[in-house]
Amino acid sequence: MLSLLKDAKITQVENAAVAAQTELVSDILDMSGFDSVMFICDLGDITATSVLTLSLKDNSANSTSGAAAISGASATFTAAASDADHKLLIVDCYRPAQRYIFASLTRTVADAVVDGIIAIQYNSRAVPQTQGSTVVASTFKQVG
């Protein structure tokens, strides 16, 4: 296929969150049928000195309890002035060891607004993919 929309499953796994210094834990994804997943955290207004870390965790059960951090699957950023406002944190994982995976975003030192977290599951063993309930409309148009 020549369409990311048909080759991948796109899911909003965390809604917007107000300015705070708390951890956000995304919805859990079932990776059966997929080899890869990319989590994209859309940042809002970030206060200078805020430390943001997007980490991935996996589990053999559909639960956040007992999950393990995936070594090396994290992106950390320390904000200076407004250099992180309306930017992205991205972590891409190929072949997680366990069936279930989710993201954890820690916000420390200073407040950070989050506009949401999106997950793109790809390298699917079945195409075309049908988008889930968090996608209200989508289209693909091949020109030429």
Side-chain angles (χ1 to χ4, degrees), residues 1-79 82-142:
M1 291 227 138
L2 301 174
S3 167
L4 181 61
L5 187 61
K6 300 295 182 183
D7 288 342
K9 184 173 181 182
I10 303 164
T11 308
Q12 182 169 344
V13 293
E14 181 65 36
N15 293 326
V18 299
Q21 297 178 45
T22 56
E23 178 185 21
L24 298 174
V25 177
S26 80
D27 293 340
I28 300 167
L29 294 176
D30 183 346
M31 290 299 295
S32 63
F34 296 93
D35 282 340
S36 305
V37 63
M38 178 185 294
F39 285 85
I40 304 168
C41 178
D42 186 10
L43 302 174
D45 184 31
I46 308 300
T47 305
T49 72
S50 181
V51 178
L52 306 164
T53 302
L54 182 65
S55 302
L56 303 187
K57 298 180 180 182
D58 64 2
N59 201 345
S60 60
N62 186 0
S63 173
T64 57
S65 178
I70 300 172
S71 179
S74 66
T76 300
F77 182 77
T78 302
S82 61
D83 60 354
D85 289 358
H86 308 288
K87 300 281 177 32
L88 305 172
L89 282 174
I90 300 173
V91 179
D92 196 357
C93 183
Y94 178 65
R95 291 194 176 160
Q98 304 293 328
R99 177 176 173 175
Y100 299 96
I101 192 168
F102 62 95
S104 164
L105 177 70
T106 56
R107 304 176 287 173
T108 60
V109 182
D111 286 351
V113 174
V114 175
D115 291 337
I117 301 175
I118 303 281
I120 302 173
Q121 293 171 280
Y122 63 102
N123 288 331
S124 171
R125 292 184 271 296
V127 291
Q129 282 296 310
T130 301
Q131 300 305 318
S133 62
T134 63
V135 176
V136 296
S138 63
T139 189
F140 167 72
K141 171 64 177 145
Q142 181 173 341

Could you tell me which non-hydrogen atom of [X] sits nearest to which non-hydrogen atom of [Y], and how far apart they are?
X	Y	value
Ser50	Ala110	OG-O, 3.1 Å
Glu14	Ser26	OE1-CA, 3.6 Å
Leu29	Ala119	CD1-CB, 3.4 Å
Ile70	Pro96	CD1-CB, 4.3 Å
Thr78	Thr49	CG2-O, 4.3 Å
Ala112	Ile46	CB-CD1, 3.6 Å

message: Before you tell me yes or no, could you show the steps for Val114 and Leu105 under side chain to side chain contact (heavy atoms under 4.5 Å, CB included), namely the whole-Å CA-CA distance, both residues' side-chain angles and the distance that decides it to 0.1 Å?
response: CA-CA 9 Å; Val114 175; Leu105 177 70; 3.4 Å; yes
task: Please check if the side chain of Asp58 supplies one atom and the backbone of Ile101 the other of a donor-acceptor pair under 3.5 Å.
output: no
query: Counting only N and O atoms by type, is there a donor-acceptor contact under 3.5 Å from the side chain of Thr11 to the main-chain atoms of Val13?
result: no
message: For the CD atom of Gln12 and the CD1 atom of Ile118, what is their distance to the nearest 0.5 Å?
response: 4.5 Å
query: Does anything in residues 107-134 pair up under side chain to side chain donor-acceptor pair (under 3.5 Å), and if so which pairs, sequence neighbours excluded?
result: Gln21-Asp111, Thr22-Arg107, Asp35-Arg125, Ser36-Asn123, Asp92-Tyr122, Ser124-Gln129
Listed once per pair and sorted, the side chain to side chain donor-acceptor pair (under 3.5 Å) pairs that draw on residues 61-72, sequence neighbours left out: none
field: Pair Thr76-Val51, side chain to side chain contact (heavy atoms under 4.5 Å, CB included): steps then yes or no
entry: CA-CA 7 Å; Thr76 300; Val51 178; 4.1 Å; yes
Would a 4.5 Å heavy-atom cut-off, applied to side chains only, mark [X] and [Y] as touching?
X	Y	answer
Leu43	Leu52	yes
Cys93	Leu56	yes
Ile120	Ile40	yes
Leu88	Phe77	no
Arg99	Ser60	no
Tyr100	Asp30	yes
Phe34	Lys9	yes
Phe39	Ile117	yes

